[in-house]
Chemist: 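To start, I am sharing the structure in question, which I have written as structure tokens.
Here is the naming used below: chain letters follow the sequence lines, and residue numbers restart at 1 for every chain. Being a predicted model, the structure only gives us computed values, none of them experimental.
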Amino acid sequence: MRLTLSACPPFSLSAVVRSHGWADLLPFGRDAGTGELTRVERLASGRVVEMFVQEEASGVSVEVHDRLSGAEHEEVAHKVEWMLGLSQDFSAFYALAREESRLAYVEEGARGRILRSSTLFEDVVKTILTTNTRWTGTIRMVKALVSQFGTSLPADPTRRAFPTPDQLAATDERTLRSATRLGYRAPYMLELARSVTASTLDLEALKTAGIPTTQLRKRLLALKGVGDYAAANLLILLGRYDFVPVDSWAIKMVSHEWHSGEPVGRAEIEAAFERWGEWKGLAYWFWDWSYEGEE
DNA sequence: GGTAGACCTGGACGC
DNA sequence: GCGTCCAGGTCTACC
């Protein structure tokens, strides 16, 4: 099955893939040579398929090496549209960015879209797994979760989809800790998965919730393991850019960019991007930092 | 509302 | 090979 999807211009698949590290986390994959993005996905029907996404003239093509039903076809299209943010329009952000040399490149490079997972559940799990650990630790923990609990791709059982809330909710903390080395994050994962499974939490509804960003942020902060940084990060994935995800990297960058290396706090980070208003988070995300750190 | 300490893990480092 | 230290956000208890 092959389908083509159009994107709101300007669009660049490689820009979405390079927007952050999500493409390095299973069940995403990529071909360095062709720039193709792949993903093992479990559909609502329970079938597990692999998607091959390639850039086309006005958007992307999606190929699945299976025959799909009409509903499955529609589901694949809907999920790819969400993951790549194909309908997102950044013209207002670009108009502001043209006046700032550190962001002058964003429009020409079609930057702005940030790769998302197909479900907010997966993005919340992955975001929690970025906290209080190094990136290599995040990769390891996500890999362990997928390989231990995800459903196999029939054509290649070594490859698996991201586990569903049901699949994670069915395990216990002891197993989760020993099988995935999530450490203290294990109970957070379990509580999240069990809340979704029990329908006491409708995470996916937050994708389209027409509520103010501050309320959306409160909902995210109510999740165990989601603090200020994780909530701001998730808001950006949801297309809300009113908050800056302040982590140790942001502190280091702002310190060297505007404070001569002197220690700064959350207030200084927020102040540094205050003028970008509703685009604050995106301005931070794509800021062309002159300081690259000691590494 | 602000702050200190605990939470876990893997990697770096010294011996 | 072993022990120690460190980085990385969030939570909880306490003030």
Chemist: Is NZ or CZ of Arg39(A) both nearer than 6.0 Å to the six-membered ring centre of Phe28(A) and within 45° of the ring axis?
Modeler: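 Judged by the rule (NZ or CZ under 6.0 Å from the ring centre, within 45° of its axis), Arg39(A) counts as positioned above Phe28(A).
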Chemist: Does a sphere of radius 6.0 Å around NE2 in His78(A) hold more than 12 heavy atoms from other residues, nucleotides or ligands, not counting ones at 6.0 Å or beyond?
Modeler: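 Atom NE2 in His78(A) is not crowded, with 12 or fewer foreign heavy atoms closer than 6.0 Å.
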Chemist: Taking 4.0 angstrom as the limit, do Glu56(A) and Arg2(A) come out as a salt bridge?
Modeler: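 Answer for the salt bridge query: yes.
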Chemist: Just the rounded figure in Å: distance from C1' of dG9(C) to CG of Leu234(A).
Modeler: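 Nearest whole value for this atom pair: 13 Å.
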Chemist: Would you please name every residue forming a side chain to side chain donor-acceptor pair (under 3.5 Å) with Arg275(A), sequence neighbours left out?
Modeler: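 Listed in chain order: Glu100(A).
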Chemist: Under 3.5 Å, which protein N or O atoms sit close to an N or O of nucleotides 11-15 of chain C? Give each pair with its distance.
Modeler:
residue: dC11(C); atom: OP1; partner: Gly225(A); partner atom: N; Å: 2.6
residue: dC11(C); atom: OP1; partner: Val226(A); partner atom: N; Å: 3.4

Chemist: Listing time: all N or O pairs from protein to nucleotides 8-10 of chain B that are below 3.5 Å?
Modeler:
residue: dC8(B); atom: OP1; partner: Arg177(A); partner atom: NH1; Å: 3.3
residue: dC8(B); atom: OP1; partner: Arg177(A); partner atom: NH2; Å: 2.7
residue: dC8(B); atom: O5'; partner: Tyr184(A); partner atom: N; Å: 3.2

Chemist: In whole Å, what is the span from the CE atom of Met189(A) to the C1' atom of dG9(C)?
Modeler: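 Rounding to the nearest Å, CE of Met189(A) and C1' of dG9(C) are 13 Å apart.
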Chemist: Can you tell me how far C1' of dG9(C) sits from CZ of Arg266(A), to the nearest Å?
Modeler: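 After rounding, the gap between these two atoms is 10 Å.
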Chemist: What's the angle between the local helix axes at either end of the helix from dG1(B)-dC15(C) to dC15(B)-dG1(C), using five pairs per end and rounding to 10 degrees?
Modeler: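 Both end axes considered, the difference amounts to 30°.
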Chemist: Please output the side-chain donor-acceptor pairs of residues 226-239 of chain A that fall under 3.5 Å, not counting sequence neighbours, one pair per line with the distance.
Modeler:
residue: Asp228(A); atom: OD1; partner: Arg217(A); partner atom: NH2; Å: 2.9

Chemist: Atom CG of Leu129(A) to atom C1' of dA7(C): distance rounded to whole Å?
Modeler: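 Rounded to whole Å, this separation is 17 Å.
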Chemist: Starting from Val48(A) and following side-chain heavy-atom contacts under 4.5 Å between hydrophobic residues (I, L, V, M, F, W, Y), which residues can be reached?
Modeler: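 Besides Val48(A), the hydrophobic cluster comprises Val40(A), Leu153(A), listed by chain and residue number.
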Chemist: When the ring centroid of Trp285(A) is compared with that of His20(A), is the distance short of 6.0 Å?
Modeler: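 So the answer is yes for these two rings.
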Chemist: Do the charged groups of Glu270(A) and Lys280(A) touch, with an N to O distance under 4.0 Å?
Modeler: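 Lys280(A) and Glu270(A): salt-bridged.
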Chemist: Using whole Å, report how far CE of Met141(A) lies from P of dG11(B).
Modeler: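 Atom-to-atom, Met141(A) to dG11(B), this comes out as 11 Å.
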Chemist: Would you mind classifying the nucleic acid contact of Ala230(A) as base, sugar-phosphate or nothing, using non-hydrogen atoms under 4.0 angstrom?
Modeler: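 The answer is sugar-phosphate, as Ala230(A) gets under 4.0 Å only of primed atoms, P, OP1 or OP2.
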Chemist: Below 4.0 angstrom from OP1 or OP2 of dG8(C), is there any side-chain N or O of Thr131(A)?
Modeler: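 For Thr131(A), the contact criterion (side-chain N or O under 4.0 Å from OP1 or OP2 of dG8(C)) is not met.
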Chemist: Please state how far atom CG in Asn233(A) lies from atom C1' in dT10(C), giving the value in whole angstrom units.
Modeler: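 Value for this atom pair: 14 Å.
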Chemist: Below 6.0 angstrom between ring centroids: does that apply to Trp287(A) and Trp258(A)?
Modeler: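 Ring centres of Trp258(A) and Trp287(A) closer than 6.0 Å.
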Chemist: May I have the distance from Trp135(A) (atom CH2) to dG11(B) (atom C1'), rounded to whole angstrom?
Modeler: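 Taking CH2 of Trp135(A) and C1' of dG11(B), I get 18 Å after rounding.
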Chemist: Cation-pi check for Trp82(A) against Arg116(A): NZ or CZ below 6.0 Å from the six-membered ring centre and within 45 degrees of the axis, yes or no?
Modeler: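 Positive - Arg116(A) is close enough to the ring of Trp82(A) and near enough to its axis.
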Chemist: Any salt bridge linking Glu36(A) with Arg30(A)? Criterion: basic side-chain nitrogen under 4.0 Å from a carboxylate oxygen.
Modeler: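 No, no charged N to carboxylate O under 4.0 Å.
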